[in-house]
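Taking it in order: structure first as structure tokens, then the write-up.
Here the structure is a predicted model, which means the values were calculated and not measured.
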Amino acid sequence: LVRAFLLQTFYIPSPSMEHNLDIYDRVLENKLVYDFRSPDRGEIVVFRAPAQWRTGPDGEDFIKRVIGVGGDRVECCDDQKRLRVNGHPLDEPYLFTEGGISDPAADEPFDITVPEGRLWMMGDHRSASGDSLEHWEQTDDIMVATVPESAVVGRAFVVFWPVGRAKWLSIPQPFE
């Protein structure tokens, strides 16, 4: 019952969220939170991947960060190569390493408006993520590039394994 309705573990199968979430990290996902509210910008969520995003016929769960919600204008990039959401630049600390930027916010300019009831999702390791940006660049179809809110399964809120990487997954300050 707990796994079906409240909490579930999820492991990170790909480098799409590095280095915030590394391959084989284990996170806990709160499956109840979105029964009471919609996902917020900056949250890391687990969702059922749209058919066009899947690599096979079976359903797959993905984990990505919510960059934009219904009605948001998301564009790339400002003069400092940051994404802008509704005109506000995002300083995304997870895109950087001690040596500087590890991944640009996006590899090509874009300017979209997220349809109501849908989410613009991006991985923290942009160049290794099959996300909204990749599907936008491939299809130029906003409905293929975004994820319906109803596909969100839960919010990842803590890394619990390996123990040495345990941490809370809070919303970065720029999203507030």
TODO: Take Trp161 and Asp25, measure what side chain to side chain contact (heavy atoms under 4.5 Å, CB included) needs, and give me the verdict at the end.
DONE: CA-CA 6 Å; Trp161 191 262; Asp25 279 357; over 6 Å; no
Open item on the list: So, taking the atom named CD1 in Ile12 and the one named CZ in Arg26, what distance separates them when rounded to the nearest 0.5 Å?
Closed with: 9.0 Å
Task: Listed partners of Glu43 passing side chain to side chain contact (heavy atoms under 4.5 Å, CB included), at least two apart - done: Tyr34, Arg37, Pro39, Asp40, Val45, Arg155, Ile171
Open item on the list: Count I, L, V, M, F, W, Y as connected when their side-chain heavy atoms are under 4.5 Å apart, and connections chain through other members. Are Ile44 and Ile67 then in the same cluster?
Closed with: no
Task: Cys76 versus Ala106, closest heavy-atom pair with distance - done: SG-CB, 3.5 Å
Open item on the list: Could you check whether any side-chain heavy atom of Leu90 comes within less than 4.5 Å of a side-chain heavy atom of Val85, counting everything from C-beta outward?
Closed with: yes
Task: Residue pair Val66 / Met121: nearest heavy atoms and the distance that separates them - done: CG2-SD, 3.8 Å
TODO: Step through the shown structure and confirm whether more than 12 heavy atoms of other residues, nucleotides or ligands are within 6.0 Å of CZ on Phe160.
DONE: yes
Open item on the list: Is the shortest side-chain heavy-atom distance between Arg65 and Pro172 below 4.5 Å?
Closed with: yes
Open item on the list: To check you understand the geometry: which heavy-atom pair defines the closest contact between Ser150 and Arg48, and what is its length?
Closed with: O-NH2, 2.8 Å
Task: salt bridge (Lys or Arg N to Asp or Glu O under 4.0 Å) between Glu75 and Arg82, intermediate numbers included - done: CA-CA 9 Å; Glu75 58 187 314; Arg82 298 175 297 187; over 6 Å; no
Task: Arg54 CZ to Asp61 CG distance, which is reported to the nearest 0.5 Å - done: 9.0 Å
TODO: Compare all side-chain heavy atoms of Leu28 with those of Gln8 and state whether any distance is below 4.5 angstrom.
DONE: no
Open item on the list: Filter on side-chain hydrogen bond (donor to acceptor under 3.5 Å, both in side chains), then keep only pairs touching residues 105-114, sequence neighbours left out; what's left?
Closed with: Arg73-Asp111
Open item on the list: Within the structure provided, determine whether Val27 and Ile63 are in side-chain contact (heavy-atom separation under 4.5 Å).
Closed with: yes
Task: Side-chain heavy-atom pair Arg41, Asp72 within 4.5 angstrom cut-off - done: yes
Open item on the list: Quick check: is Val159 connected to Val46 through a chain of hydrophobic side chains (ILVMFWY, heavy atoms under 4.5 Å apart)?
Closed with: yes
- [ ] Sequence neighbours left out, what passes ring-ring contact (aromatic ring centres under 6.0 Å, His included) with Phe47? Give chain and number order.
- [x] Trp53, Phe62
Task: Closest approach of Phe36 to Leu32 (non-hydrogen atoms, all atoms of both residues) - done: CD1-O, 3.5 Å
- [ ] Give me the one residue out of Arg126, His125, Glu134, Lys64 that meets side chain to side chain donor-acceptor pair (under 3.5 Å) with Ser16.
- [x] Lys64
Task: Spacing of Glu137 atom CD and Thr139 atom OG1 [to the nearest 0.5 Å] - done: 10.0 Å
Open item on the list: According to a hydrophobic-cluster definition based on side-chain heavy atoms being under 4.5 Å apart (Ile, Leu, Val, Met, Phe, Trp, Tyr only), do Val158 and Phe10 belong together?
Closed with: no
Task: Distance-only polar pair, side chains of Ser129 and Asp131, donor-acceptor under 3.5 Å - done: yes
- [ ] Kindly give the heavy-atom pair with the smallest separation between Val114 and Ile112, and that separation in Å.
- [x] CG2-CD1, 3.7 Å
TODO: Mind listing the closest non-hydrogen atom pair of Ala105 and Glu92 along with its distance?
DONE: CB-OE1, 4.1 Å
- [ ] State, with a plain yes or no, whether a side-chain heavy atom of Arg165 is found less than 4.5 Å away from one of Asp22.
- [x] yes
Open item on the list: Would you say that Val153 contacts Glu29 through its side chain, given a criterion of any heavy-atom pair below 4.5 Å between the two side chains?
Closed with: yes
Task: Residue list, side chain to side chain contact (heavy atoms under 4.5 Å, CB included) with Ile23, at least two apart or on another chain - done: Pro15, Glu18
TODO: Report the residues that fulfil side chain to side chain contact (heavy atoms under 4.5 Å, CB included) with Ala166, sequence neighbours left out, ordered by chain and then residue number.
DONE: none
Open item on the list: Suppose we screen for side chain to side chain donor-acceptor pair (under 3.5 Å). Which residues come up paired with Ser38, at least two apart in sequence or across chains?
Closed with: Glu149
Task: Path from Leu119 to Ile142 over hydrophobic side-chain contacts below 4.5 Å - done: no
Task: Trp120 and Trp136, any side-chain heavy atoms less than 4.5 Å apart - done: yes
